[in-house]
There are 2 protein chains.
Amino acid sequence: MAQIAVVQRTFAVLEAVAASGSASAKEVAGRLEIPLPSVYRLLQELVVAGYLVHLREQGSFELGPKCFDLGLSFRQRVIAPQSIRHAADQVHRALGAAAYFAVYRGEDIVLTYLSDCEKHPRLRPLRFGFHEAAHATAFGKILLAGMEQEQREVYLRARGTPRLTPQTLVDSAGIEAHLDEVAARGIAWEHEEFLPGQTCAAVPVRNGTGMAVAAIAMSIRTPDAAHRHRQIETVLREHAGRCSRYLRMG
Amino acid sequence: MAQIAVVQRTFAVLEAVAASGSASAKEVAGRLEIPLPSVYRLLQELVVAGYLVHLREQGSFELGPKCFDLGLSFRQRVIAPQSIRHAADQVHRALGAAAYFAVYRGEDIVLTYLSDCEKHPRLRPLRFGFHEAAHATAFGKILLAGMEQEQREVYLRARGTPRLTPQTLVDSAGIEAHLDEVAARGIAWEHEEFLPGQTCAAVPVRNGTGMAVAAIAMSIRTPDAAHRHRQIETVLREHAGRCSRYLRMG
DNA sequence: TCGGTATTCTCGTGAGATGAGAACCGAGGC
DNA sequence: GCCTCGGTTCTCATCTCACGAGAATACCGA
């Protein structure tokens, strides 16, 4: 699978620097067990390319501008488009709850928009970017439920299903059974499985072919969710429909 | 200067994808004039390394998780530390003006912290990250004034000195003369040279050896600056001193 | 002036990157 | 079912060019 040695080494060097924040050539050489001249060659290459900077006075290398640019490009590519953000903002307002938009992309689940405020804060651990605890969040579960079983197994095996609260579903049999139900209902509820005291719900957003490619979700304190399940489901579905329509139009 | 062909090609491919947001192998091959099999090899390598993802259903490649990670690492490394952010917040509060902290790093000027609020908004074009208009901002000028002349010339030649407002200094003789004055006074004022209606000021933050490695700055609407130059200078200097002390302690 | 460290240079060798071409695969169209 | 046609992967003979030991040089602090 892995092929071009130089390229792999180059990324290894880049990531070594990224991990340390700041590293000397010797440190990198030591950590990666690559002879010093080669490390210098690769470092130089990375500096010329703009992915590292050489802080001569300190004899160390750090991440360069291109790393920032890549991060920005990624963000701009992945962030939910205007109209979807708008839909999430409306869910936020209509329910008085933090709202989320997540997509399935490549092999990953990515949170591409969060709509919250001081009165209705998002779940603290959640932020823009990759999501690792799909088995314990409403939007994670709805997206898992939409995958082929094989794909789902690969996904869950790769990241595990750690217990985050006493309610977290951790055994694969239990998860599979639960996801069947989620798929059947077309909505995922999550009751304190991710964070104690918080209840979440998510519904799928489908593309033209009916595949669940994204999810719109909300989180609210558990007591505030009581007797509002109907309303929450209605609002989520309404805006999921709008998102679907938007996706279909491109 | 440039050496390892494969590595350069690899980054060329990565950046081609980043620039397009999404690109097929053929597009990349066309744009870079690299034979198709080689492009596939490099794309695959980038996918394995996590810098790209292969969206099979669309036959296209997009940026992957590692790009996001790099951006995060960069941010975490570069963002001003807690105590410096605190100093900038205090400047913000004491002056009722947006406050900024910028450092000179490698060959670049980087804005590493902004402290503003709705009542005292930052200059809109400014945001966290690399700064390109050093000749037209207060913190840019104070850092330029602290460089060796040669270094400064390289810097300005590389980025140019575009006219942003009627007040912008654009000719190198004028800039040099102005920077001499700035260096002598130890404070840079900027009167509507970057944005009409806005006045800024910046003072240097020095490391243990007395070199100007950073700047603390503020921006305010020009009318609000009248008769407050003394106060602004005093507040900035006070907190620049604190920042310097912090830098010396590490 | 003198260690010690960081960085760059030199160069012969062979691993391994290269790209033309062909095979493979999957989705539509007929 | 069969055929077509992109997109993608594989094969392989060629020869470039990346490799790393070692030496040289630059740089810094004492």
Side-chain angles (χ1 to χ4, degrees), chain A residues 1-14 16-17 20 22-49 51-62 64 106-107 148 150-151 207-211 213, chain B residues 1-14 16-17 20 22-49 51-62 64 106-107 148 150-151 207-211 213 248 250:
Chain A
M1 193 85 283
Q3 307 164 62
I4 310 178
V6 213
V7 174
Q8 284 170 198
R9 277 183 162 197
T10 307
F11 283 122
V13 167
L14 178 58
V17 173
S20 325
S22 170
S24 72
K26 210 201 279 183
E27 281 163 11
V28 174
R31 197 186 325 277
L32 302 178
E33 304 190 346
I34 299 178
L36 208 58
S38 298
V39 169
Y40 270 109
R41 231 199 317 271
L42 298 179
L43 286 169
Q44 236 181 50
E45 196 70 40
L46 285 162
V47 168
V48 170
Y51 290 87
L52 292 181
V53 289
H54 188 179
L55 305 177
R56 299 196 98 85
E57 36 275 4
Q58 300 159 55
S60 69
F61 294 81
E62 296 194 2
E107 319 270 72
E148 302 297 325
E150 193 189 353
Q151 197 185 11
N207 66 6
T209 71
M211 211 176 21
V213 294
Chain B
M1 193 89 282
Q3 305 163 64
I4 310 178
V6 212
V7 175
Q8 284 169 201
R9 278 183 163 196
T10 307
F11 283 122
V13 168
L14 178 58
V17 174
S20 324
S22 170
S24 72
K26 208 201 278 184
E27 281 163 12
V28 174
R31 198 187 322 279
L32 302 178
E33 303 190 347
I34 299 178
L36 207 59
S38 298
V39 169
Y40 270 109
R41 232 199 316 273
L42 299 179
L43 285 170
Q44 232 180 53
E45 195 70 41
L46 286 162
V47 168
V48 170
Y51 289 87
L52 292 181
V53 289
H54 189 180
L55 305 176
R56 299 196 97 86
E57 35 275 5
Q58 299 160 53
S60 69
F61 294 81
E62 296 194 1
E107 319 269 72
E148 302 296 324
E150 193 191 352
Q151 197 184 9
N207 66 6
T209 70
M211 210 175 23
V213 293
R248 251 171 268 145

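Computed from heavy atoms alone, side chains included, the values below leave out hydrogens, waters and symmetry copies. Chain A is the first sequence line, chain B the second, and so forth, proteins listed ahead of strands; every chain is numbered from 1.
Direction change of the helix axis from one end of the helix from C:dT1-D:dA30 to C:dC30-D:dG1 to the other is 50°, with five pairs defining each end axis (rounded to 10°).
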Its contact letters, B for base, S for sugar-phosphate only and - for none at protein heavy atoms under 4.0 Å, make nucleotides 6-21 of chain D read -SBB--------SBBB
Quick one, give me the B/S/- string for nucleotides 25-30 of chain D, reading 5' to 3', where B means a protein heavy atom under 4.0 Å from the base and S means that only happens at the primed atoms, P, OP1 or OP2. ------
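Residues passing the side chain to side chain contact (heavy atoms under 4.5 Å, CB included) test with B:V7 are A:V6, A:T10, A:E45, B:I4, B:F11, sequence neighbours excluded.
More than 12 heavy atoms of other residues, nucleotides or ligands shown are found within 6.0 angstrom of CD on B:Q151. Within 6.0 Å of the CD atom in A:Q58, the count of heavy atoms belonging to other residues, nucleotides or ligands exceeds 12.
The span of DNA chain C lying next to chain A, judged by atoms under 4.0 Å from heavy atoms, is bounded 5' to 3' by C:dA6 to C:dA17.
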Could you please spell out the steps behind the side-chain contact (heavy atoms from CB on, under 4.5 Å) verdict for B:E62 and B:L55? CA-CA 7 Å; B:E62 296 194 1; B:L55 305 176; 3.5 Å; yes
Please lay out, stage by stage, how A:Y51 and B:L14 fare under the test side-chain contact (heavy atoms from CB on, under 4.5 Å). CA-CA 12 Å; A:Y51 290 87; B:L14 178 58; 4.1 Å; yes
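Heavy-atom minimum distance, A:F61 versus A:V17: O-CG1, 3.5 Å.
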Distance-only check: which donor-acceptor pairs under 3.5 Å involve side-chain atoms of residues 25-35 of chain A, not counting sequence neighbours?
unit_1, atom_1, unit_2, atom_2, d
A:E27, OE1, A:S24, N, 3.1
A:R31, NH2, A:S20, OG, 3.4

